[in-house]
Amino acid sequence: MLGRFLDSPIKYLKGVGPAREKQLNTELKISVFEDLLYYFPYRYIDRSKFYQVSDIHHEMPYVLLRGTISNMQTIGMGKGMRLSAQFYDESGTVELLWFRGVKWIKENLKSGKEYVIFGRPSLFNRRFNIAHPEVEDYEEYQKNQLKVKLMPLYSSTDKLRKGNLDSKGFVKMLKNLVEVMPNQIPEILSQHLIEKYNLVSREKALRMIHFPSDSKEILLAQKRLKFDELFFIQLLLLKSKLIRAHKNSGVVFKEVGKNFNEFYHKHLPFTLTNAQKRVIKEIRKDVGSGHQMNRLLQGDVGSGKTLVALMSMFLAIDNGFQACMMAPTEILANQHYQGLNELLKDMDVNIAILTGSSTKKQRLVLHESLQNGEIQILIGTHALIEDTVKFNKLGMVIIDEQHRFGVAQRARLWKKASVPPHILVMTATPIPRTLAMTLYGDLDYSVIDELPPGRKDIQTYHFYDKDRLKLFGFMKKQIALGRQVYVVYPLIQESETLDLKDLEDGYESISRAFPKPKYQLSIVHGKMKAAAKDFEMQRFAKGETQIMIATTVIEVGVNIPNASVMVIENAERFGLSQLHQLRGRVGRGAEQSYCLLMTSYKMTAEGKIRMKTMVDTTDGFKIADADLKIRGPGDLKGTQQSGVLDLKIADLIKDEAILKAARAEAIELLESSPGLQSPENNAIARELERKERRSTDWSSIS
Ligand code: ADP
Ligand code: MG
């Protein structure tokens, strides 16, 4: 049957036995023919073009040469034995090296004979050599000319290479697979789409992506496969959104009532920015629509998301519902709780907090007043999603700094009310638009793209460790002006003890440079008990200490406006979005703020780009774009856990046009034919079902 082919276990492929099957399975999750067919080459080498030895330069990944071998000799003994030969053409000479199979090679290659060699040049002692080149008799080569002109390269893993499966091994397997492929690959797009976008058939694309006969074919194959990939991701996302919209009628908040108005007119400490107003309007429209709101609110650090959250929660309580707000850390939950209490101090709203360190007794009381509806707003951490936490009438859920929460955790909140509550997910990690469209394609999307007025741009400087005295001098000046300073150390979970040591060493040297009683220091790290952390945070917040030395627990959301200097130690060890988050902890008051990036001289090229990006811009979206370019989308924080972004071929930066087209088509299709019943869309419907079956992650998203 058509389609069976793709589901065939990989061991049925010529040349793949049970052992290889197991390797492919554990190393690359390749288990059926389809997986291997969709294991695409990362690049191609043009094997039709000869270079000359003198052309070799060190950015060449591979080179094809025609010339003569001479001076073969073995060097060294035993394990260290290697074979060296000179290879020359009219332009010069390059050394060839073999460390394995020396005897066989020595017997089979002939000095003075013309060969074609293909391999990766590397520079050693300022001269190029090529180790383990492919060698072919020139006459043979000419006879086989048509074999493979554009040679695909596949990435392999160390373990696979040890098991003798390198790029060439993949070429062999795929050759065997493509050979038996004709008429076995069902079409998955409608004729309409294929014609409209001028796409090649799926079978053709799969052949051409592995074995193109020219570069035009690569482009054709890529276009088709990218379209497929993005189109089906969009269909999956949008379909679950659509189902939710039909299935999940939402609670309706008809009124903009007492609390909302009272706060807005009497207690709002400042005027809202236009962006805040716009987003609040969008949310009001959602919660009045009769459908469940699922909205992502993106706003740079300091853009004032908390206020939008509060206004949204008023919408719930003014209509007799409860609201809750979930933060990723206890520190943040506490801070939200205190901040909201301050804003609500002249109002009659019942607000409570629940975190991991709430005592049993506190919980008992809390559970009861939640269930009888006395508590109107509950702030908390993950503790909120425990099953014992039951609401009377939950109508609005706010999730702050969403990327710390798994999709499944989010889903548990859905279930806390008979009619699912409205959900507002807030994130300060700026996400490029294309990524948001893919990753959060199932959520509606709002942006606060404007900071409150009067903020001064944070000045960012990059210092080397040897400038430490200068740094201390600068800190002293700022402290003399009444400001406070953060000093942050990276935290890498694998080596917590080591990190702690960095932090402790830092603490010591700072204590020496900033002696008591003139200076007071706070220290906060992940190994401390929550209460101790909180105590130190409070001292700093109240201005009792001037310097806060911390690991990245400080990263998200902490708001202390008088702190105007952020020193980031070992800044090269942080990713861009984290650096940006950290910098966002300052610049929250009226004073000029500073961010000082400390690094050693030793930095990777990437590290240097990161420092420069930070110094050059404070625009979160520019930083997100730079981050995406450096790391690639698969690597962005939170994208892996979502299990959504397993892109095999599409590139969210380069393929924006295809993404937009694919999304538009997916929307049109679902709107005109929500069940995809028409025969024209049969192929799409079948593939969609298949994808839903193959992927377990999708089920937890809707
Ligand atoms: P974030 O979006 O990072 O969560 P916050 O909600 O913590 O930002 O707001 C950052 C700071 O800006 C807070 O001190 C808040 O009181 C202040 N703020 C928020 N909105 C406005 C506004 N419209 N005008 C002036 N200050 C504002
Ligand atoms: Mg915040």
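Worth saying up front: this structure is predicted, and the values here are computed from it rather than measured. Atoms within a ligand are numbered from 1 in the order they appear, just like the ligands themselves. Keep in mind that the numbers below use all heavy atoms, side chains included, and drop hydrogens, waters and symmetry copies. One-based numbering along the sequence shown.
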Can a non-hydrogen atom of [X] be found less than 4.0 Å from any atom of ligand 1?
| X | answer |
| --- | --- |
| Asp300 | yes |
| Pro561 | no |
| Gly299 | no |

Heavy atoms only: which of [options] is nearest to [atom]?
| atom | options | value |
| --- | --- | --- |
| atom 5 (P) of ligand 1 | Leu268, Asn274, Val308, Thr306 | Thr306 |
| atom 9 (O) of ligand 1 | Gly304, Ala275, Gly587 | Gly304 |
| atom 7 (O) of ligand 1 | Arg588, His336, Gln335 | Arg588 |

Side chains of Asp444 and Asn294 in contact at under 4.5 Å (non-hydrogen atoms): no
Taking the side chain as every heavy atom from C-beta outward, state whether Leu343 and Thr306 have any pair of such atoms under 4.5 Å apart. no
Counting only heavy atoms, which portion of Leu272 has something under 4.0 Å from ligand 1: side chain, backbone, both, or neither? backbone
Applying a heavy-atom cut-off of 4.0 Å, say which part of Asp400 lies close to ligand 1: side chain, backbone, both or neither. neither
Are any of the N/O atoms on Gly302, whether in the backbone or the side chain, positioned under 3.5 angstrom from an N/O atom of ligand 1? yes
Please report whether the ring centroid of [Y] lies less than 6.0 Å from that of [X].
| X | Y | result |
| --- | --- | --- |
| Tyr594 | Phe474 | yes |
| Tyr264 | Phe314 | no |
| His422 | Phe253 | yes |

Can you confirm whether more than 12 heavy atoms, excluding those of Asp348, are under 6.0 Å from its CG atom? no
Which ligand 1 atoms does Thr273 reach within 4.0 Å, using its non-hydrogen atoms? 23 (N)
Does Asn392 offer a backbone N or O that forms a donor-acceptor pair with the side chain of Gln322 under 3.5 Å? yes
